[in-house]
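A short worksheet on the structure shown next.
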Amino acid sequence: MKKGESMAKVYEPCNAEKQIYENWERKGYFKGEIDHSKKPFTIVIPPPNITGQLHMGHALDETLQDIIIRFKRMQGYSALWLPGTDHASIATEAKIVDALAKEGLTKESIGREEFLKRAWAWKKQYGNRIVTQLRSLGSSCDWSRERFTMDEGLSRAVREVFVRLYEKELIYKGERITNWCPCCNTSISDIEIEYSEDDGFFWHISYPFADGSGALTIATTRPETLLGDVAVAVNPEDEKYRNIIGKMLILPLVNKEIPVIADGYVDPTFGTGAVKITPAHDPNDYEVGKRHDLPVVRIMDDRGYINENGGKYAGMERSEARKQIVEDLKALGLLVKIEPHKHNVGHCQRCHTVLEPFVSNQWYVRMKPLAGPAIDAVRSGKIKFVPERFAKIYYNWMENIQDWCISRQLWWGHRIPAFYCASCGHITVSRTDPEKCECCGSTELTQDPDTLDTWFSSALWPFSTLGWPDETEDLKYFYPTDVLVTGYDIIFFWVARMIFSACEQMGEVPFRTVLFHGLVRDSQGRKMSKSLGNGIDPLDVIDKFGTDALRFSLVTGNSPGNDQRYLEEKVEAARNFANKIWNATRFVLINFDEDPDFGKIDPARFTTEDRWILSASNRLVSEVTENLEKFELGVALSKVYDFVWDVYCDWYIEIVKPRLFDAGNESRLEAQYVLNEVLVKCMKLLHPFMPFVTEAIYQKLYADAESIMISKWPECDAGCSYPGEEAAIDYMIEAVKRIRNIRHEMNVPSSKKAHITAVCSDPSKATILSSCETMLKNLAYCAGLTVQNDRTGIASDAASVQLEGAVLYMPLEELIDVEKEIQRLTAEKENLEKEIARVSAKLANEGFVSKAPANVVEGERAKLEKYRSIYESTVQRLRDMNER
RNA sequence: GGAAGUAUAGCUCAGCUGGUUAGAGCAUUCGCUUGACGUGCGAAAGGUCCAGAGUUCGAAUCUCUUUACUUCCACCA
């Protein structure tokens, strides 16, 4: 039995993929080896959260990375794709807290140690799920180097960086207004805030003067913060308030005297032009308070309840307190009016709770000194953003950067290595846990209870995963990494922070290129989300269509940085393509001799179509390679797709069939050779995109093959260029297409074959045509072909095909509707007239001829000549038919 | 308030540094058991490349303006 005959008619991805993947992994192909005879090529994975489940975003991200790393591996680089996961402090902690709640426990009740024990157990049990899922995408990660942000080594890196920054005074602890999530019960950094325009109210409240001389009306969106007011500010330039500056007001409900102060911060045109000042609960008020040396009165606890400073409101939840305070003000007649007011409210990115900004004592990274080198790294081109426009967003953020709040009131994460001395108050920050205070020597030390922002550790990922702070061989060989592939949504969270961290710690960029991709949205263009329930599980798609199909659909027709929609039809089309190449292979193998000896092929026996496709495939190699180098993955893929389907399957295979079916054909072996050669080349070009089918096919083609993934990437052969053969086949294809067209238009049944007479004035075209009788017979329902140089013997009602330098006549007798044919020819004639007019006008244009590049002008001339040739024969034919 | 992106066939989208009779997939219409594939083959229909101006010999492509949608940043109580 021939090899191809054992192949199923339909490619079944599910059977093949798992086995193929296991084989790759077992053979160790994914391993990145230090090999000084090769150049390294490194990608570190954007570590997914251990709480995460595979979604389309991962699928896209992984696919892009895998394409690049497989391409580079085949090109001969020592490729390393380093995988791992992120501990995701808030998200994971929330999971554990939820689990505890189900048992009626709280984290405080079980204590820190027990809590962490449970968290690690959870991580062990579920943290690997995402990793398993990544494998089903075909990711060729070096799993032997898998890292976790809380691994011992990575934790050491975190501590090292913290200490270094502290020693350089780039980390400090300070009391500032920080955004706080009362639900997650922790501080968060500025970029973790999500603003949304919410409907709210503007409450106008009357503050009576202490001397009884009337009252001043202020407007606020947060009346409950009134409890913490320490002043009311007006603009010093504001005429209407000039004479009340310095007077005292009675703070309603609290019955405390507060002053009217003057500060330029107040906009006299907004609200009433008078602003209540609550330094503990508003960043601007805090600044005003500092300028005027006002007290800071915090009136809310961490959970969002009014504290003891709130008098009778103490213990009330913030929204409840707001309601009550408004009620009470109304009762006192101090509520002047309530206006509906839309304003931007900050929400917690994770739980969407309304955030509460208030003063607290937190750890910060001083960003200004770190931002400079990080900006330079991109501006100088050491790091390239693809697409470039993201650099602007990056600069804009970096140039206006605020200090980064890195402490979190959580337990799951890297604990801040700061130790407070009970006797002298000194803070000891060190690489190892200190036994005594470095200042006074006291042993009464307590460690800061807080942990670090998750992103603090991910910021070190490109080097911490390679062994830093040790000077490992891996670090020396694989660092800096080459490409970072990620979504534009984490440019600030992660990309920017990796850049400044690497510049500071390594004195070297973390990666040379950042390839940004967009979001995968649903078919209606909405973001996929849990709450909408519109998410598509990549694993379901893989089950239904195969990994290759999913990967193909995510890459094709997509350009860097742009969002895309998930459409099942696209995956289906990709699945069909996998089936197509599978069947092309089946065809090739069925038509091979038992064991073709390609050592015996004679290039002299290559036919025109052989040279045509060898030449075209050679060009394909260079184009696809170039596109991949430029990260134009979608373009590269569609080029291979078009070539395989339209050129190789639809034309080459069809043209070459007679040679294969004729056992005695003298160039049969050459046909088999070219079929095989071009197919393998295409499979290699396709392998990074569709690793599984291409491997399955490769194994079919070569029984003793190792693996396509470690095969050599095709190279462009400069000697393999046959423009003459390419032009000849293109001409023949044109002829076939036009014959098919006319036959279909005339409703000629395929059983009705026609003998074609080619009238050819151009000897070179005559040569081409004389050689293509078989092709016309097989592809254009032709019974036979005669080539002659005049029109003798041509039936006046024959259908005709006008080509450059030739006319093909097909006597189809009664099947031809002469009127219709005249109509068709007339339409064609008119179209040609338009084209000729267009091109002639162009060539008559002095400016065009003198200024356009020579090859463009030449191209237009050739075009004109071609159109004229076809036009003449069209006119001639019309005349014949009309004179009939 | 700043900034960015998008606008091309009924739908989803390609079209790089200006030169194509403006492309693909899906959908539509018509025809096909042609010895790999109906997850296929063949043929067709379908577009003022959002609108307007400019640069140029030449613009879907570059510049400006307008409109619509999307996103990011900042944020006035």
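In what follows, every chain begins at residue 1, and chains take the letters A, B, ... in the order their sequences are listed.
Residue K9(A) places at least one side-chain N or O under 4.0 Å from the OP1 or OP2 atom of rC37(B). Between K657(A) and the phosphate of rA36(B), there is a side-chain N or O to OP1/OP2 separation shorter than 4.0 Å. Between R222(A) and rA77(B), a side-chain N or O to OP1/OP2 separation shorter than 4.0 Å is absent. For R565(A), a side-chain nitrogen or oxygen approaches OP1 or OP2 of rU12(B) to under 4.0 Å. Side-chain nitrogen and oxygen atoms of K863(A) include at least one within less than 4.0 Å of the OP1 or OP2 phosphate oxygen of rU21(B). Taking only side-chain nitrogens and oxygens, N576(A) never comes nearer than 4.0 Å to OP1 or OP2 of rC37(B). The side chain of W645(A) contributes an N or O atom lying less than 4.0 Å from OP1 or OP2 of rC41(B). Taking 4.0 angstrom as the limit, K580(A) places a side-chain polar atom (N or O) nearer than this to OP1 or OP2 of rC41(B). The phosphate of rA4(B) has neither OP1 nor OP2 within less than 4.0 Å of any side-chain N or O from R389(A). Phosphate contact (OP1/OP2 of rG25(B), side-chain N/O of K570(A), threshold under 4.0 Å): absent.
rC50(B) and rG38(B) have their C1' atoms separated by 40 Å, given to the nearest Å. Only the P atoms considered, rC72(B) is 28 Å distant from rU61(B), to the nearest whole Å. rC16(B) and rU55(B) have their P atoms separated by 24 Å, given to the nearest Å. Look at the P atom in both rG15(B) and rU8(B): the space between them is 14 Å, to the nearest Å. Taking the P atom of each, rG10(B) and rG46(B) are spaced 11 Å apart, rounded to whole Å. Between rC49(B) and rA7(B), the two P atoms lie 14 Å apart (nearest whole Å). A distance of about 16 Å separates the C1' atoms of rU12(B) and rU28(B), rounded to the whole Å. One C1' atom belongs to rC76(B), the other to rG1(B), and the distance between them is 11 Å to the nearest Å.
Using a 4.0 Å heavy-atom cutoff across all strands shown, Y11(A) reaches no nucleic acid atom at all. Among the heavy atoms of the strands, none lies under 4.0 Å from I277(A). K842(A) comes within 4.0 angstrom of the backbone, heavy atoms only, and of no base. Residue-level contact check: N344(A) touches the bases, meaning some heavy atom is under 4.0 Å from a base atom. Using a 4.0 Å heavy-atom criterion, one finds that A573(A) contacts the sugar-phosphate atoms exclusively. Across all strands, D650(A) comes closer than 4.0 Å only to sugar-phosphate atoms, never to a base (heavy-atom distances). Among the atoms of the strands shown, none is found under 4.0 Å from any heavy atom of V588(A).
rA27(B) is unpaired under the Watson-Crick or G-U wobble criterion, no partner having all donor-acceptor distances under 3.5 Å. With both pairing distances under 3.5 Å, rG19(B) is matched to rC57(B) as a Watson-Crick or G-U wobble pair.
The aromatic rings of Y641(A) and F577(A) sit tilted relative to each other, their planes meeting at an angle between 30° and 60°.
Of the candidates rG5(B), rC30(B), rC76(B), the closest approach to any side-chain atom of N284(A) belongs to rC76(B). For Y265(A), counting side-chain heavy atoms from C-beta on, the closest listed nucleotide (rA77(B), rA43(B), rA4(B)) is rA77(B). Checking rC37(B), rC16(B), rC57(B) against the side-chain heavy atoms of E632(A) singles out rC16(B) as nearest.
In this structure, the ring of F516(A) has its center less than 6.0 angstrom from the ring center of F390(A). F202(A) has its ring centre less than 6.0 Å from the ring centre of F270(A).
The separation between E654(A) atom CD and rC32(B) atom P is 18 Å, rounded to whole Å. Whole-Å rounding puts the N778(A) CG to rA36(B) C1' distance at 16 Å. The distance from atom CD of E860(A) to atom P of rU21(B) is 7 Å, rounded to the nearest whole Å. Distance, R838(A) CZ to rA22(B) P: 7 Å, rounded to whole Å. Between L567(A) atom CG and rA24(B) atom P the separation is 18 Å, expressed in whole Å. Straight-line distance from the CD atom of Q564(A) to the P atom of rC11(B): 19 Å, rounded to whole Å.
Y488(A) and D563(A) share a donor-acceptor pair across their side chains, judged by distance under 3.5 Å alone.
Taking 3.5 Å as the limit, the base of rG31(B) and the side chain of H744(A) contain no donor-acceptor pair of atoms between them.
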